[in-house]
Amino acid sequence: MARIPEDKIDEVRLSANIVHYISQFINLKKAGRNYKGLCPFHTEKTPSFVVSPEKQIYHCFGCGKGGNIFSFIMEYEKLSFFEAVQKAADFAGIVLPKEKYEPEKQNYFQKLYRLNEIACSHFEKNLFKSKNKHWLKYFLERGLSEDTIHDFRLGYAEDRLNTLTSLLKREGEDVAEAAKLGLIQRRDNRDEYFDKFRHRVIFPFHNIQGKIVGFGGRKLREEQQPKYLNSPESPVYYKGKTLYGLHKAIPAIRSKGYVILVEGYFDLLRLYENGFRNVAASSGT
Ligand SMILES: [Zn+2]
(Lines give C-alpha, C1' and ligand atoms only; values in the text may rest on other atoms or scores of the structure.)
Protein backbone atom coordinates (compact mmCIF):
# COMPACT_ATOMS: atom_id res chain seq x y z
CA MET A 1 0.00 0.00 0.00
CA ALA A 2 1.18 3.49 -0.77
CA ARG A 3 2.02 5.55 2.29
CA ILE A 4 1.24 9.22 2.57
CA PRO A 5 4.25 11.26 3.73
CA GLU A 6 3.78 12.89 7.13
CA ASP A 7 4.34 16.37 5.71
CA LYS A 8 1.51 15.83 3.29
CA ILE A 9 -0.80 14.64 6.08
CA ASP A 10 -0.05 17.84 8.01
CA GLU A 11 -0.69 19.91 4.91
CA VAL A 12 -4.09 18.26 4.42
CA ARG A 13 -5.03 18.69 8.08
CA LEU A 14 -4.09 22.39 7.96
CA SER A 15 -5.73 23.09 4.61
CA ALA A 16 -9.04 21.22 4.77
CA ASN A 17 -11.53 23.52 6.48
CA ILE A 18 -13.16 21.42 9.21
CA VAL A 19 -16.17 23.76 9.58
CA HIS A 20 -16.97 23.52 5.87
CA TYR A 21 -16.39 19.79 5.90
CA ILE A 22 -18.66 19.01 8.85
CA SER A 23 -21.29 21.46 7.54
CA GLN A 24 -21.93 19.04 4.69
CA PHE A 25 -23.57 16.72 7.22
CA ILE A 26 -24.59 18.84 10.18
CA ASN A 27 -26.22 22.22 10.49
CA LEU A 28 -23.63 24.37 12.27
CA LYS A 29 -24.33 27.84 13.63
CA LYS A 30 -21.72 30.42 14.55
CA ALA A 31 -21.36 30.85 18.31
CA GLY A 32 -18.62 33.36 19.17
CA ARG A 33 -15.32 32.09 17.83
CA ASN A 34 -16.75 28.60 17.29
CA TYR A 35 -19.58 26.79 15.53
CA LYS A 36 -22.24 24.71 17.27
CA GLY A 37 -24.64 21.99 16.20
CA LEU A 38 -26.44 18.81 17.22
CA CYS A 39 -23.95 16.03 17.89
CA PRO A 40 -23.97 13.30 15.22
CA PHE A 41 -22.54 10.77 17.67
CA HIS A 42 -25.23 10.82 20.36
CA THR A 43 -28.89 11.82 20.52
CA GLU A 44 -29.53 15.29 21.86
CA LYS A 45 -32.01 18.17 21.62
CA THR A 46 -29.73 21.08 22.52
CA PRO A 47 -26.46 21.47 20.62
CA SER A 48 -23.33 20.51 22.53
CA PHE A 49 -21.19 19.69 19.50
CA VAL A 50 -18.62 22.46 19.00
CA VAL A 51 -16.29 22.99 16.03
CA SER A 52 -13.33 25.38 16.33
CA PRO A 53 -12.15 26.91 13.03
CA GLU A 54 -9.03 28.26 14.73
CA LYS A 55 -7.90 24.96 16.20
CA GLN A 56 -9.43 22.88 13.38
CA ILE A 57 -10.97 20.46 15.88
CA TYR A 58 -14.42 19.39 17.09
CA HIS A 59 -15.58 18.39 20.54
CA CYS A 60 -18.88 17.23 21.96
CA PHE A 61 -19.56 18.32 25.52
CA GLY A 62 -22.35 15.73 25.72
CA CYS A 63 -20.61 12.48 24.81
CA GLY A 64 -16.97 13.57 24.86
CA LYS A 65 -16.21 12.64 21.25
CA GLY A 66 -13.68 14.93 19.62
CA GLY A 67 -10.68 15.22 17.35
CA ASN A 68 -9.51 16.65 14.05
CA ILE A 69 -10.91 16.33 10.54
CA PHE A 70 -9.44 12.85 10.10
CA SER A 71 -11.03 11.46 13.27
CA PHE A 72 -14.36 13.01 12.23
CA ILE A 73 -14.28 11.29 8.84
CA MET A 74 -13.18 7.98 10.38
CA GLU A 75 -15.89 8.11 13.03
CA TYR A 76 -18.75 9.59 11.00
CA GLU A 77 -18.12 7.95 7.65
CA LYS A 78 -16.63 4.73 9.06
CA LEU A 79 -13.43 4.94 7.05
CA SER A 80 -9.80 4.02 7.76
CA PHE A 81 -7.22 6.68 8.57
CA PHE A 82 -5.72 6.32 5.10
CA GLU A 83 -9.11 6.78 3.44
CA ALA A 84 -9.90 9.73 5.72
CA VAL A 85 -6.71 11.52 4.68
CA GLN A 86 -7.54 10.93 1.01
CA LYS A 87 -11.07 12.19 1.50
CA ALA A 88 -9.92 15.34 3.32
CA ALA A 89 -7.26 15.92 0.65
CA ASP A 90 -9.91 15.75 -2.10
CA PHE A 91 -12.01 18.21 -0.14
CA ALA A 92 -9.06 20.62 0.21
CA GLY A 93 -8.06 20.19 -3.42
CA ILE A 94 -4.70 18.67 -2.52
CA VAL A 95 -3.30 15.99 -4.78
CA LEU A 96 -1.65 13.25 -2.76
CA PRO A 97 1.56 11.80 -4.20
CA LYS A 98 0.87 8.61 -6.12
CA GLU A 99 4.29 7.06 -5.77
CA LYS A 100 5.09 4.37 -3.27
CA TYR A 101 6.52 5.43 0.05
CA GLU A 102 10.26 5.77 -0.37
CA PRO A 103 12.10 5.84 2.94
CA GLU A 104 15.29 7.07 1.25
CA LYS A 105 13.55 10.06 -0.25
CA GLN A 106 11.86 10.83 3.08
CA ASN A 107 15.21 10.65 4.85
CA TYR A 108 16.67 13.02 2.28
CA PHE A 109 13.96 15.61 3.00
CA GLN A 110 14.45 15.16 6.75
CA LYS A 111 18.15 15.83 6.24
CA LEU A 112 17.47 19.10 4.39
CA TYR A 113 15.05 20.26 7.09
CA ARG A 114 17.60 19.33 9.76
CA LEU A 115 20.38 21.33 8.06
CA ASN A 116 18.11 24.38 7.85
CA GLU A 117 17.07 23.88 11.47
CA ILE A 118 20.71 23.76 12.63
CA ALA A 119 21.40 26.99 10.73
CA CYS A 120 18.27 28.63 12.12
CA SER A 121 19.07 27.92 15.76
CA HIS A 122 22.68 28.95 15.14
CA PHE A 123 21.54 32.38 13.85
CA GLU A 124 19.02 32.69 16.68
CA LYS A 125 21.65 32.01 19.34
CA ASN A 126 24.02 34.53 17.73
CA LEU A 127 21.43 37.27 18.06
CA PHE A 128 21.24 36.80 21.82
CA LYS A 129 25.00 36.68 22.47
CA SER A 130 26.02 39.75 24.44
CA LYS A 131 28.73 40.65 21.91
CA ASN A 132 26.00 40.86 19.25
CA LYS A 133 23.52 42.88 21.31
CA HIS A 134 23.83 45.71 18.81
CA TRP A 135 21.99 43.55 16.26
CA LEU A 136 19.31 42.55 18.73
CA LYS A 137 18.85 46.29 19.20
CA TYR A 138 18.47 46.58 15.42
CA PHE A 139 15.20 44.66 15.74
CA LEU A 140 14.09 46.23 19.01
CA GLU A 141 14.59 49.74 17.60
CA ARG A 142 12.33 48.83 14.70
CA GLY A 143 9.49 48.22 17.11
CA LEU A 144 9.72 44.46 17.60
CA SER A 145 9.52 42.85 21.04
CA GLU A 146 11.63 39.87 22.07
CA ASP A 147 8.45 37.74 21.90
CA THR A 148 7.96 38.54 18.23
CA ILE A 149 11.68 38.01 17.57
CA HIS A 150 11.37 34.55 19.16
CA ASP A 151 8.06 33.74 17.43
CA PHE A 152 9.61 34.32 14.00
CA ARG A 153 13.02 32.98 15.05
CA LEU A 154 14.87 36.05 13.79
CA GLY A 155 18.63 35.80 13.94
CA TYR A 156 22.02 37.22 13.13
CA ALA A 157 24.80 35.79 10.96
CA GLU A 158 28.14 36.91 12.35
CA ASP A 159 30.76 38.75 10.32
CA ARG A 160 32.96 35.67 10.03
CA LEU A 161 33.73 33.16 7.31
CA ASN A 162 33.56 29.97 9.22
CA THR A 163 31.10 29.60 12.07
CA LEU A 164 28.15 27.73 10.55
CA THR A 165 30.49 25.68 8.35
CA SER A 166 32.51 24.43 11.30
CA LEU A 167 29.35 23.80 13.34
CA LEU A 168 27.97 21.61 10.54
CA LYS A 169 31.26 19.73 10.30
CA ARG A 170 31.40 19.22 14.07
CA GLU A 171 27.89 17.78 13.97
CA GLY A 172 28.94 15.40 11.19
CA GLU A 173 26.42 16.90 8.75
CA ASP A 174 26.56 16.64 4.97
CA VAL A 175 28.30 19.90 3.96
CA ALA A 176 27.74 19.31 0.23
CA GLU A 177 23.97 19.28 0.85
CA ALA A 178 24.27 22.36 3.06
CA ALA A 179 25.96 24.09 0.12
CA LYS A 180 23.06 23.13 -2.16
CA LEU A 181 20.72 24.76 0.35
CA GLY A 182 22.78 27.94 0.07
CA LEU A 183 23.84 27.87 3.71
CA ILE A 184 27.52 27.57 2.91
CA GLN A 185 29.58 27.84 -0.26
CA ARG A 186 32.35 25.73 -1.71
CA ARG A 187 35.65 27.39 -2.57
CA ASP A 188 36.63 26.99 -6.21
CA ASN A 189 38.07 23.56 -6.90
CA ARG A 190 38.78 22.89 -3.28
CA ASP A 191 37.19 20.71 -0.67
CA GLU A 192 36.65 23.74 1.53
CA TYR A 193 33.54 25.65 2.42
CA PHE A 194 32.69 29.01 3.96
CA ASP A 195 29.55 30.61 5.42
CA LYS A 196 27.22 32.15 2.87
CA PHE A 197 25.33 34.47 5.24
CA ARG A 198 27.75 36.91 6.87
CA HIS A 199 26.98 40.04 8.85
CA ARG A 200 23.29 39.98 8.08
CA VAL A 201 20.11 39.95 10.13
CA ILE A 202 18.29 36.74 9.34
CA PHE A 203 14.62 36.11 8.56
CA PRO A 204 13.93 32.36 8.37
CA PHE A 205 11.26 31.16 5.92
CA HIS A 206 8.88 28.51 7.28
CA ASN A 207 6.59 26.21 5.35
CA ILE A 208 3.02 25.89 6.61
CA GLN A 209 4.06 23.01 8.87
CA GLY A 210 6.50 25.43 10.53
CA LYS A 211 9.64 23.74 9.18
CA ILE A 212 12.51 25.93 8.03
CA VAL A 213 12.87 25.91 4.25
CA GLY A 214 15.14 28.89 3.62
CA PHE A 215 16.41 32.26 4.80
CA GLY A 216 16.46 35.91 3.87
CA GLY A 217 19.46 37.86 5.14
CA ARG A 218 19.45 41.64 5.13
CA LYS A 219 22.75 43.50 4.80
CA LEU A 220 23.97 45.67 7.67
CA ARG A 221 26.79 47.57 5.98
CA GLU A 222 26.32 49.95 3.08
CA GLU A 223 28.85 48.28 0.77
CA GLN A 224 27.45 44.76 1.17
CA GLN A 225 25.80 43.18 -1.87
CA PRO A 226 23.04 42.22 -2.38
CA LYS A 227 20.77 44.10 0.01
CA TYR A 228 18.81 40.90 0.62
CA LEU A 229 20.51 37.55 0.23
CA ASN A 230 17.91 34.79 -0.13
CA SER A 231 18.25 31.02 -0.14
CA PRO A 232 18.19 29.45 -3.60
CA GLU A 233 15.40 27.08 -4.59
CA SER A 234 15.83 23.56 -3.24
CA PRO A 235 13.74 20.40 -2.94
CA VAL A 236 12.15 21.93 0.20
CA TYR A 237 11.87 25.53 -1.01
CA TYR A 238 10.09 26.79 -4.12
CA LYS A 239 10.13 30.52 -4.67
CA GLY A 240 6.74 32.03 -5.10
CA LYS A 241 5.09 29.14 -3.26
CA THR A 242 5.83 30.35 0.26
CA LEU A 243 4.41 33.45 1.89
CA TYR A 244 6.47 34.85 4.73
CA GLY A 245 4.69 34.39 8.06
CA LEU A 246 1.87 32.24 6.70
CA HIS A 247 2.62 29.38 9.13
CA LYS A 248 1.71 31.70 12.02
CA ALA A 249 -1.33 33.18 10.30
CA ILE A 250 -3.43 30.18 9.24
CA PRO A 251 -5.71 29.88 12.32
CA ALA A 252 -6.40 33.65 12.29
CA ILE A 253 -6.99 33.72 8.52
CA ARG A 254 -9.49 30.93 9.00
CA SER A 255 -11.42 32.62 11.79
CA LYS A 256 -11.36 36.09 10.17
CA GLY A 257 -12.03 34.75 6.71
CA TYR A 258 -9.43 36.97 5.02
CA VAL A 259 -5.72 37.67 4.91
CA ILE A 260 -3.84 40.98 5.02
CA LEU A 261 -1.09 40.71 2.44
CA VAL A 262 1.90 43.02 2.92
CA GLU A 263 5.18 43.39 1.13
CA GLY A 264 8.11 43.39 3.53
CA TYR A 265 9.18 41.36 6.56
CA PHE A 266 8.99 44.39 8.82
CA ASP A 267 5.51 45.34 7.55
CA LEU A 268 4.34 41.92 8.66
CA LEU A 269 6.31 41.80 11.91
CA ARG A 270 5.02 45.21 13.02
CA LEU A 271 1.41 44.22 12.33
CA TYR A 272 1.99 40.98 14.25
CA GLU A 273 3.51 43.01 17.08
CA ASN A 274 0.31 45.06 17.17
CA GLY A 275 -1.92 42.03 17.48
CA PHE A 276 -2.77 41.36 13.83
CA ARG A 277 -2.44 37.64 13.21
CA ASN A 278 -4.05 37.15 9.78
CA VAL A 279 -1.09 38.62 7.90
CA ALA A 280 1.38 37.27 5.37
CA ALA A 281 4.16 38.93 3.35
CA SER A 282 5.21 38.33 -0.23
CA SER A 283 8.75 39.56 0.36
CA GLY A 284 11.76 37.50 -0.58
CA THR A 285 9.92 34.22 -0.73
ZN1 LIG B 1 -22.00 13.90 21.36
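Just follow the structure's listing: the first ligand is 1, and inside any ligand the first atom is 1.
Here Y21 pairs with F25, F91 under the ring-ring contact (aromatic ring centres under 6.0 Å, His included) rule; sequence neighbours left out. Every residue two or more places apart in sequence or in another chain that forms a ring-ring contact (aromatic ring centres under 6.0 Å, His included) with Y228 is listed here: Y265.
Between H150 and F128, the distance from one ring center to the other falls under 6.0 angstrom. Taking the six-membered ring where the residue is Trp, the centroids of F203 and F215 are separated by 6.0 Å or more.
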What pairs of donor and acceptor atoms, side-chain ones from residues 250-259 against any protein atom, are under 3.5 angstrom apart with sequence neighbours left out?
| unit_1 | atom_1 | unit_2 | atom_2 | d |
| --- | --- | --- | --- | --- |
| R254 | NH1 | L14 | O | 3.0 |
| R254 | NH2 | L14 | O | 2.1 |
| S255 | OG | A252 | O | 3.4 |

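The only member of Y58, Y76, F81 that meets ring pair (Phe, Tyr, Trp, His ring centres under 6.0 Å) when paired with F70 is F81.
Protein atoms of type N/O/S that fall under 2.8 Å from the Zn ion (ligand 1) number 4 in this view.
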